[in-house]
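Each chain gets a letter, A, B and so on, in the order the sequences are listed, and its residues count up from 1. Because only heavy atoms are used, hydrogens play no part in the values below, and waters and symmetry mates are left out as well, while side chains stay in.
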Amino acid sequence: MPALLIVMGIKFIDAVAGQYQYRPGLWSGGRRRKLLKKSYVKEITPRSENYSQWYSDVVLKAELMDYAPVKGCMAIRPYGYAIWEKLQERLDRRIKETGHQNAYFPLFIPQNLLQKEADHVAGFAPEVALVTKGGDEVLGEPLVIRPTSEAIICDFYSRWIQSWRDLPVLINQWCNVVRWEKSTRPFLRTSEFLWQEGHTCHRTSEEAEEEARKMLAVYKEFIETELAIPVLDGQKTEREKFAGALRTYTVEALMSDGRALQAGTSHNLGQHFARVFDITFLDRDDQLKHVWQTSWGVSTRLIGALIMVHGDDRGLIIPPRVAPTQVVVVPIISKKRRAEVLEAAKGVEAELSRQGIRVHLDDREEYSPGWKFNQWEMKGVPIRLELGPRDLDNRQVLLVRRHDDFREALPLHELAARLPRLLEEAQQSLFDKAKRFLEQNSYHCTDYQEFTGKVEEKRGLFLSPWCGDPECELRVKDDTRATIRCIPFDGPPAEGRCLVCDRPAKYQVYFGRSY
RNA sequence: CGGGGCGUAGCGCAGUUUGGCAGCGCACUUGGUUUGGGACCAAGGGGUCGCCGGUUCAAAUCCGGCCGCCCCGACCA
């Protein structure tokens with residue numbers, strides 16, 4: 001085995017009980033090497049041992065969040081919030097490029113407003129938080145803390161819209177919402193979370209449909225490009241759609257434990273809300289008509305997806321485009337050459353920074369290099385540069401990639417020119433890997449026996465024929481806990497017989513267990 | 001909401017069976033030596049043992065009640 005690998009030009013280092021033996025001179029000449037074995041930190045439970053525990057360990061140890069004294073609530077710590085800010089920045093740009101403006105609507109919603117739309121209230125009633133007192137005063141009408149803002153925004157829209165000339169209304173808001181959840185998990189399902197919600201009004205049904213589809217496409221492109229997470233796009237079934245919507249579209253991602261996660265949704269609301277909130281306009285033909293609406297949102301849940309799609313047993317792996325820190329420089333400080341090394345490290349930091357790379361110099365002297373390596377790996381920084389006396393002598397820096405642990409000694413003068421490319425490669429490589437995982441864990445399945453067995457055994461996503469009857473959908477859920485994630489846009493045409501009831505299939509749908 | 005587990009220093013835990021000075025590791029502070037995969041030595045600081053009540057000369061430990069967190073389910077856009 002070692003002989004074979006040396007032939008391939010790769011050198012190995014013994015990894016004994018999670019520690020390397022350092023072999024001088026190995027880094028020179030731009031050679032690469034690979035680790036035999038990795039057991040770095042014991043603070044993170046291996047995924048294979050307990051996936052939920054792994055997830056908890058990662059969010060805490062990477063300092064993304066901390067638990068609040070209130071169940072289901074959390075502080076998003078600076079490092080976690082920095083990731084959120086990156087996501088916001090990238091998505092906000094896209095929302096504006098497609099013609100939307102940001103605005104802000106109130107947190108409190110009079111209870112009667114929320115209750116106007118029948119399906120909407122039925123869907124959200126079990127999970128609304130209600131304010132009944134302000135100070136000493138018992139409120140005449142209780143106030144709902146927004147679980148979503150359709151109701152309050154529609155109340156404003158009914159006043160703002162009179163003419164077809166006022167349309168379309170294209171507004172987005174970034175805010176927090178509250179849903180009283182029974183079981184909560186950091187980022188994936190919290191009682192309070194951050195998100196954006198777009199709310200638009202249109203003159204025609206076609207325009208609204210186009211908007212709903214367009215924003216779903218924006219989500220797909222955003223999530224795939226920036227978060228390096230491949231998603232399946234499609235439509236939700238009646239059972240799974242948004243409470244009050246005509247149709248719901250969704251992008252679904254597959255986590256590394258084989259469970260699906262709804263990463264973003266876009267709703268064609270039809271005229272359901274316009275009718276009950278009386279949002280009307282006088283059209284060109286002098287007729288008073290109800291507007292056609294959409295709403296769409298993604299949340300801090302995306303951070304959960306990021307963790308579960310890319311993370312490994314050493315912690316987070318953040319795609320470079322959304323990484324708060326893209327490159328960390330760790331100087332190897334020795335007593336004799338401390339000043340020299342630090343100066344060189346600062347030079348590297350400054351040069352990369354000039355290139356627009358988000359670089360951090362970790363020059364803390366109270367921690368050993370090894371400690372820093374582990375910490376930054378837990379935090380998922382894409383690239384680490386090690387710079388020590390030996391590197392100085394060789395005018396080089398040792399580069400280590402987080403996502404595949406490849407190491408390479410780079411000449412100092414080439415560094416700035418090569419890093420942007422290396423970061424892009426890391427981004428692409430993460431996407432490719434996630435895509436491969438999605439493909440390898442997607443199955444075409446037409447036999448119910450086989451289906452129930454495989455769902456239990458392998459998880460993943462199952463493309464199967466479905467007759468369209470909610471009863472069959474429910475039966476699958478009762479039997480297997482899997483739900484229909486979506487009716488894919490670009491799926492194969494319906495053919496064959498329903499997975500459950502054997503009647504002719506109307507759709508090919510993706511089934512899966514989900515978060 | 002059901003089943004299971006756990007609450008002792010910032011974190012991880014021992015001590016609870018059999019009541020008797022509240023401990024260990026990490027982290028933290030100070031000084032020194034170090035620094036290429038979680039360095040070492042020395043000296044320190046830090047506690048309402050989840051909360052309330054009961055038994056007892058004496059409770060982290062026994063009894064009753066409550067609260068919270070985690071895991072597995074149920075529920076949930």
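Shown here, B:U34 forms no base pair; nothing in the strands shown gives a Watson-Crick or G-U wobble contact with both key distances under 3.5 Å. A 3.5 Å limit on both hydrogen-bonding distances identifies B:G5 as the Watson-Crick or G-U partner of B:C69. With a 3.5 Å ceiling on both atom-pair distances, the Watson-Crick or G-U wobble partner of B:A43 is B:U29. Nucleotide B:C49 has no partner under the Watson-Crick or G-U criteria, as no pair reaches both atom distances under 3.5 Å. Within the shown strands, nothing qualifies as a pairing partner of B:U55 under the Watson-Crick or G-U definition with both distances less than 3.5 Å. Base pairing analysis places B:C13 opposite B:G23; the two distances defining the Watson-Crick or G-U wobble pair are each below 3.5 Å.
Checking B:U34, B:C76, B:G36 against every side-chain atom of A:Arg390, the shortest atom distance belongs to B:G36. Candidate nucleotides B:C76, B:C71, B:G37 were compared by shortest atom distance to the side chain of A:Arg314, and B:G37 ranks first. For A:Gln53, whose side chain is taken as the heavy atoms from C-beta onward, the closest listed nucleotide among B:C70, B:A77, B:U35 is B:C70. Listed candidates were B:G36, B:A39, B:C76. Nearest to the side chain of A:Pro389 is B:G36. Nearest to the side-chain atoms of A:Asn374 among the listed nucleotides B:G37, B:A77, B:G73 stands B:G37.
Near RNA chain B, defined here as any heavy-atom distance below 4.0 Å, the residues from residues 179-192 of chain A are A:Arg179, A:Lys182, A:Ser183, A:Arg189, listed numerically. A heavy atom closer than 4.0 Å to some atom of RNA chain B occurs in A:Gln262, these being the qualifying members of residues 244-270 of chain A.
Rounded to a whole Å, the CG atom of A:Asp57 is 13 Å from the C1' atom of B:C71.
Of the P atoms belonging to B:C63 and B:A9, the separation is 22 Å, rounded to the nearest Å.
Nearest heavy-atom pair across A:Cys154 and A:Phe273 is SG-CB, 3.8 Å.
In this pair, A:Phe451 and A:Phe462 present their aromatic rings perpendicular. The plane angle is above 60°, beyond the 30 to 60° band.
Neither side chain, A:Arg185 nor A:Ser183, offers a donor N or O lying under 3.5 Å from an acceptor on the other.
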